[in-house]
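To keep things clear, I will list the structure first and then write my remarks on it.
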There are 2 protein chains.
Amino acid sequence: MTENLLTAVAPDGEEALALVEASEERGLLCTLFGRCRVVYDGRASSRLDPGDRLVVLKPDGTVLVHTDGGQQPVNWQPPGCTHEAAVEDGEFVVRSHRSSPSEELVVRFERLRHATAYDVTDPAELALTGTEEDLRQRILDDPELLEPGFEPRATERETPAGAVDIYGEDTDGNVVVVELKRRRVGPDAVSQLNRYVEALVRDLHAGTTVRGVLVAPSVTDTATQLLAERDLEFVSLTPAPDT
Amino acid sequence: MTENLLTAVAPDGEEALALVEASEERGLLCTLFGRCRVVYDGRASSRLDPGDRLVVLKPDGTVLVHTDGGQQPVNWQPPGCTHEAAVEDGEFVVRSHRSSPSEELVVRFERLRHATAYDVTDPAELALTGTEEDLRQRILDDPELLEPGFEPRATERETPAGAVDIYGEDTDGNVVVVELKRRRVGPDAVSQLNRYVEALVRDLHAGTTVRGVLVAPSVTDTATQLLAERDLEFVSLTPAPDT
DNA sequence: GTCTTCATGTCGGAT
DNA sequence: ATCCGACGTGAAGAC
């Protein structure tokens with residue numbers, strides 16, 4: 001058994017308890033595999049009958065209950081929760097809770113097949129490209145991508161309805177509100193843009209024309225309809241130049 | 001080693017390869033712990049420098065890369081992906097890919113501390129309460145919760161702008177459009193309701209009054225403003241009766 | 001804390 | 001396959 005690596009095959013309750021507590025003390029990430037029931041009560045409530053699952057306990061208080069399928073855990077607790085392990089009626093039990101909002105998750109193992117604890121301190125930062133931020137920078141670097149003569153004046157400009165992605169001016173001196181989306185958009189993005197435009201129409205001097213431009217790779221038909229109804233515009237752009 | 005439970009402490013590339021391939025063959029869920037780099041290219045692109053992490057391979061093709069903190073994996077692939085493991089330059093490598101959209105994830109291990117494979121076939125269904133569906137049922141069971149004399153006529157009624165949660169009539173014969181939210185709502189929910197109301201105003205006979213009612217536990221100030229501007233209403237209700 | 005919006009959102013249901 | 005909206009959405013940044 002290596003330093004900062006604990007494992008136990010088919011541990012009984014006490015063994016598992018020792019491992020989880022040691023894990024907690026040393027700030028290790030813990031994985032538990034076995035047959036368990038799960039009860040959750042908080043923002044909603046859920047019950048999960050017995051089944052074989054993988055349970056992950058992270059040093060930051062996160063709890064994940066994973067089944068054989070799906071990217072999302074079937075049950076979970078967010079970071080910042082505190083958990084205690086115990087042996088109750090011969091069953092190994094993990095209780096995780098938080099206040100604000102009040103939430104509790106209880107995982108009760110009928111049978112534990114395996115338990116491990118690892119040190120997973122991770123210094124690296126994820127470098128991600130292709131985000132909305134990249135799309136914004138692409139337009140700021142070359143405003144002509146939006147339209148000839150477009151001049152950005154501000155990003156994240158505040159309005160009563162929220163912050164506008166890019167606020168600028170066209171060649172005729174009209175105000176241009178730009179809403180950016182990194183992927184194909186539907187009706188929600190059009191409504192969002194519309195909120196900003198309406199807020200600015202109210203705020204600015206009467207007589208100022210405010211154009212709203214949605215920038216995204218593409219839009220759905222419904223979104224196109226909505227854009228037309230509200231006199232809003234669309235410009236097709238992706239976060240990264242096409243290759 | 002129990003049936004359908006494979007483990008390996010500090011496996012070399014070949015051992016890990018055998019375990020992952022056996023895991024795949026038998027439909028097991030596989031966990032890998034070690035120091036790795038991760039490269040992702042697809043809808044976006046990301047690079048992650050070496051760090052100690054937990055990698056989960058599910059039998060449905062899901063891949064999760066978890067660090068010490070956070071509920072979300074730092075990298076992942078969705079269900080339906082296919083992955084191959086290999087030893088390259090002495091390193092154990094997992095490549096996962098899918099088409100439509102074209103995406104690839106490569107996890108390259110400098111060092112593998114532990115590997116396991118479990119059978120996690122899970123027959124149980126999650127029983128969840130406190131959802132929007134519960135809120136809908138609560139109102140259908142007792143329409144007076146919305147307002148005296150409210151009469152539901154349909155759920156999921158289609159409009160050009162999408163399906164209305166509850167479509168009904170008030171005591172004056174006006175059309176009532178109800179949008180339900182299980183939790184406190186912001187501007188987006190107001191816009192959504194507004195889209196349905198506008199679509200129905202266009203669709204129905206001129207002269208028909210269409211009321212829009214947002215039902216949720218509470219609303220933000222901005223949402224209240226928006227509701228007022230658009231002549232929409234708010235009724236406070238939670239998915240479950242208060243206890 | 002609350003509010004707002006982004007996300008490689010994911011997921012499910014309907015067309 | 002696309003579209004649409006819910007989700008115990010989570011996570012980040014602003015206030």
Side-chain angles (χ1 to χ4, degrees), chain A residues 40-46 62 64 69-80 98-105 126 128-136 156 158-159 161-165 179-189 192 195-196 218-223 239, chain B residues 38 40-46 62-65 69-81 98 100-105 126 128-136 156 158-159 161-165 179-189 192 195-196 218-223 239-240:
Chain A
Y40 157 76
D41 283 296
R43 286 168 291 173
S45 294
S46 75
T62 299
L64 306 171
Q71 179 174 343
Q72 297 307 126
V74 64
N75 275 117
W76 70 92
Q77 281 291 63
R98 67 162 168 169
S99 359
S100 172
S102 170
E103 290 192 296
E104 186 176 35
L105 181 74
L126 184 73
L128 182 67
T129 60
T131 64
E132 183 180 301
E133 172 58 27
D134 293 309
L135 177 54
R136 166 170 24 218
E156 299 298 326
E158 287 298 335
T159 77
V164 169
D165 283 338
E179 173 61 29
L180 307 171
K181 292 295 170 192
R182 69 169 301 283
R183 63 171 190 178
R184 181 174 175 85
V185 296
D188 53 338
Q192 194 183 343
R195 288 203 302 273
Y196 301 147
S218 58
V219 289
T220 65
D221 287 349
T222 315
Chain B
V38 185
Y40 157 74
D41 284 294
R43 287 167 291 173
S45 295
S46 75
T62 299
V63 182
L64 306 172
V65 181
Q71 179 174 342
Q72 297 306 127
V74 63
N75 277 116
W76 70 91
Q77 282 289 64
C81 292
R98 67 161 169 170
S100 176
S102 170
E103 291 192 294
E104 184 175 38
L105 181 74
L126 183 73
L128 182 67
T129 60
T131 64
E132 183 180 302
E133 172 57 28
D134 294 309
L135 177 54
R136 163 164 34 213
E156 299 299 325
E158 286 298 335
T159 76
V164 168
D165 283 338
E179 173 61 30
L180 307 171
K181 293 296 170 189
R182 67 168 302 282
R183 65 173 187 177
R184 182 174 175 85
V185 295
D188 52 339
Q192 194 184 340
R195 289 203 301 273
Y196 300 147
S218 58
V219 288
T220 65
D221 287 349
T222 315

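In what follows, every heavy atom counts, from backbone to side chain, and hydrogens, waters and symmetry copies are set aside. Everything numeric here is computed off the predicted structure, so don't read it as measured data. In what follows, chains carry the letters A, B, and so on, assigned in the order in which the sequence lines appear, proteins first and then strands, with residues in each chain numbered from 1.
Using a 4.0 Å heavy-atom distance criterion, A161(A) is classed as a sugar-phosphate-only contact. Nucleic acid contact for E156(B): none, since no nucleic acid atom lies under 4.0 Å from a heavy atom of the residue. Within the 4.0 angstrom heavy-atom criterion, no nucleotide atom of any strand lies near R136(B).
Straight-line distance from the CD atom of Q192(B) to the C1' atom of dC3(D): 14 Å, rounded to whole Å. With rounding to whole Å, D134(B) atom CG is found 15 Å from dA6(D) atom P. Following rounding to the nearest Å, D221(A) (CG) and dC3(D) (P) show an atom-to-atom distance of 7 Å. When rounded to the nearest whole Å, the span between CG of D165(A) and C1' of dG13(D) equals 14 Å. Look at CZ on R184(A): it is 8 Å from P on dT2(D), rounded to the nearest Å.
The shortest non-hydrogen separation linking A223(B) to V219(B) is CB-CB, 4.1 Å.
Residue R195(B) is the one, among E158(A) and R195(B), whose nearest nucleotide of DNA chain D lies closer to the 5' end (criterion: closest heavy atom). Comparing T129(A) and A223(B) against DNA chain C, the residue whose closest nucleotide sits nearer the 5' end is A223(B).
With values rounded to the nearest 0.5 angstrom, Q72(A) atom CD is found 9.5 Å from T62(B) atom OG1. Rounded to the nearest 0.5 angstrom, L64(B) CG and Q71(A) CD are separated by 6.5 Å. Residue S99(A) holds its OG atom at 11.0 Å from CD of E104(A), rounded to the nearest 0.5 Å.
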Check nucleotides 7-11 of chain D for protein N or O atoms closer than 3.5 Å to its own N or O atoms and list the pairs.
unit_1: dC7(D); atom_1: OP1; unit_2: E132(B); atom_2: N; d: 3.0
unit_1: dG8(D); atom_1: O3'; unit_2: R182(B); atom_2: NH1; d: 3.4
unit_1: dG8(D); atom_1: O6; unit_2: N75(A); atom_2: ND2; d: 3.0
unit_1: dG8(D); atom_1: O6; unit_2: W76(A); atom_2: N; d: 3.0
unit_1: dG8(D); atom_1: O6; unit_2: W76(A); atom_2: O; d: 3.0
unit_1: dG8(D); atom_1: N1; unit_2: W76(A); atom_2: O; d: 2.5
unit_1: dG8(D); atom_1: N2; unit_2: R43(A); atom_2: NH2; d: 3.3
unit_1: dG8(D); atom_1: N2; unit_2: Q77(A); atom_2: OE1; d: 2.9
unit_1: dG8(D); atom_1: N2; unit_2: E103(A); atom_2: OE1; d: 3.1
unit_1: dG8(D); atom_1: N2; unit_2: E103(A); atom_2: OE2; d: 3.2
unit_1: dG8(D); atom_1: N3; unit_2: Y40(A); atom_2: OH; d: 3.1
unit_1: dG8(D); atom_1: N3; unit_2: R43(A); atom_2: NH2; d: 2.9
unit_1: dG8(D); atom_1: N3; unit_2: E103(A); atom_2: OE2; d: 3.2
unit_1: dT9(D); atom_1: OP1; unit_2: R183(B); atom_2: NH1; d: 2.6
unit_1: dT9(D); atom_1: OP2; unit_2: R182(B); atom_2: NH1; d: 2.4
unit_1: dG10(D); atom_1: OP1; unit_2: R43(A); atom_2: NH2; d: 3.1
unit_1: dG10(D); atom_1: OP1; unit_2: W76(A); atom_2: NE1; d: 3.0
unit_1: dG10(D); atom_1: OP2; unit_2: R43(A); atom_2: NH1; d: 3.0
unit_1: dA11(D); atom_1: OP1; unit_2: Q71(B); atom_2: N; d: 2.7
unit_1: dA11(D); atom_1: OP1; unit_2: Q72(B); atom_2: N; d: 3.1

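We find that R195(A) and E179(A) are not joined by a salt bridge, their nearest charged nitrogen and carboxylate oxygen being 4.0 Å or further apart.
In this view, S218(A) and R184(A) satisfy the side chain to side chain donor-acceptor pair (under 3.5 Å) rule, not counting sequence neighbours.
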Would you check, one step at a time, whether the test side-chain contact (heavy atoms from CB on, under 4.5 Å) holds for E156(A) with D165(A)? CA-CA 5 Å; E156(A) 299 298 326; D165(A) 283 338; 4.1 Å; yes
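At the phosphate of dT2(D), neither OP1 nor OP2 sits under 4.0 Å from any side-chain N or O atom of T220(A).
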